[in-house]
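These numbers were taken from a predicted model, which means no experiment stands behind them.
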Amino acid sequence: MNSAMANKIVAEVTEEIYTEYPELLQKFGRSGKQKCQEDNEHHLNQLRAAVHHDNVKMFIDYSEWLDGVLTL
């Protein structure tokens with residue numbers, strides 16, 4: 001996956017989050033949306049690294065950790 005594709009995915013995911021939860025924009029403003037995009041970029045980079053290194057455990061561990069953080 002090249003950088004342009006990764007950036008597109010991050011932007012689309014961020015937009016989907018803010019479409020599904022429009023109150024986030026009111027609550028956190030544009031800087032919150034930017035932080036959300038940065039967080040999504042970080043998550044994608046972590047998962048891309050696991051794939052790049054063919055490390056299934058790393059991918060699963062990060063996914064499980066993130067699920068725990070996001071569903072508290």
Side-chain angles (χ1 to χ4, degrees):
M1 173 185 322
N2 62 37
S3 293
M5 182 182 286
N7 290 340
K8 183 176 188 246
I9 290 169
V10 167
E12 287 176 1
V13 167
T14 302
E15 286 305 316
E16 286 181 25
I17 291 169
Y18 274 76
T19 297
E20 179 121 2
Y21 303 97
E23 66 275 9
L24 293 175
L25 192 56
Q26 293 174 340
K27 186 172 183 178
F28 299 111
R30 296 223 176 267
S31 62
K33 188 173 183 180
Q34 177 62 36
K35 180 62 177 155
C36 179
Q37 186 157 332
E38 291 168 7
D39 288 349
N40 287 326
E41 192 173 303
H42 174 76
H43 301 318
L44 183 60
N45 286 337
Q46 287 292 108
L47 296 172
R48 287 172 66 193
V51 170
H52 175 78
H53 293 290
D54 196 27
N55 190 329
V56 173
K57 182 174 178 354
M58 182 179 165
F59 190 99
I60 291 171
D61 287 350
Y62 189 80
S63 297
E64 288 175 345
W65 170 82
L66 183 59
D67 181 61
V69 168
L70 296 177
T71 58
L72 286 179

Once salt bridge (Lys or Arg N to Asp or Glu O under 4.0 Å) is applied, what residue pairs with a partner in residues 5-14 remain, sequence neighbours excluded?
Lys8-Glu12

Under the side chain to side chain contact (heavy atoms under 4.5 Å, CB included) test, which residues partner Glu38, sequence neighbours left out?
Gln34, Lys35

Let me check something: any side-chain donor-acceptor pairs from residues 62-72 under 3.5 Å, sequence neighbours excluded? List them with distances.
from: Tyr62; atom 1: OH; to: His43; atom 2: ND1; distance (Å): 2.5
from: Ser63; atom 1: OG; to: Phe59; atom 2: O; distance (Å): 2.9
from: Thr71; atom 1: OG1; to: Asp67; atom 2: O; distance (Å): 2.5

When the side chains of residues 15-23 are checked against the rest of the protein, which donor-acceptor pairs come out under 3.5 Å, sequence neighbours left out?
from: Glu15; atom 1: OE1; to: Lys33; atom 2: NZ; distance (Å): 3.3
from: Glu15; atom 1: OE2; to: Lys33; atom 2: NZ; distance (Å): 2.8
from: Tyr18; atom 1: OH; to: Gly32; atom 2: O; distance (Å): 3.4
from: Tyr18; atom 1: OH; to: Lys33; atom 2: N; distance (Å): 3.3
from: Thr19; atom 1: OG1; to: Glu15; atom 2: O; distance (Å): 2.8

Steps toward side-chain contact (heavy atoms from CB on, under 4.5 Å) verdict (Val10, Thr14)
CA-CA 6 Å; Val10 167; Thr14 302; 4.2 Å; yes

N/O donor to acceptor pairs below 3.5 angstrom from side-chain atoms of residues 45-58, sequence neighbours left out:
from: Asn45; atom 1: ND2; to: Glu41; atom 2: O; distance (Å): 3.3
from: Arg48; atom 1: NH2; to: Met1; atom 2: O; distance (Å): 3.0
from: Asn55; atom 1: OD1; to: Lys57; atom 2: N; distance (Å): 3.3
from: Asn55; atom 1: OD1; to: Met58; atom 2: N; distance (Å): 2.8
from: Lys57; atom 1: NZ; to: Asp61; atom 2: OD2; distance (Å): 2.6

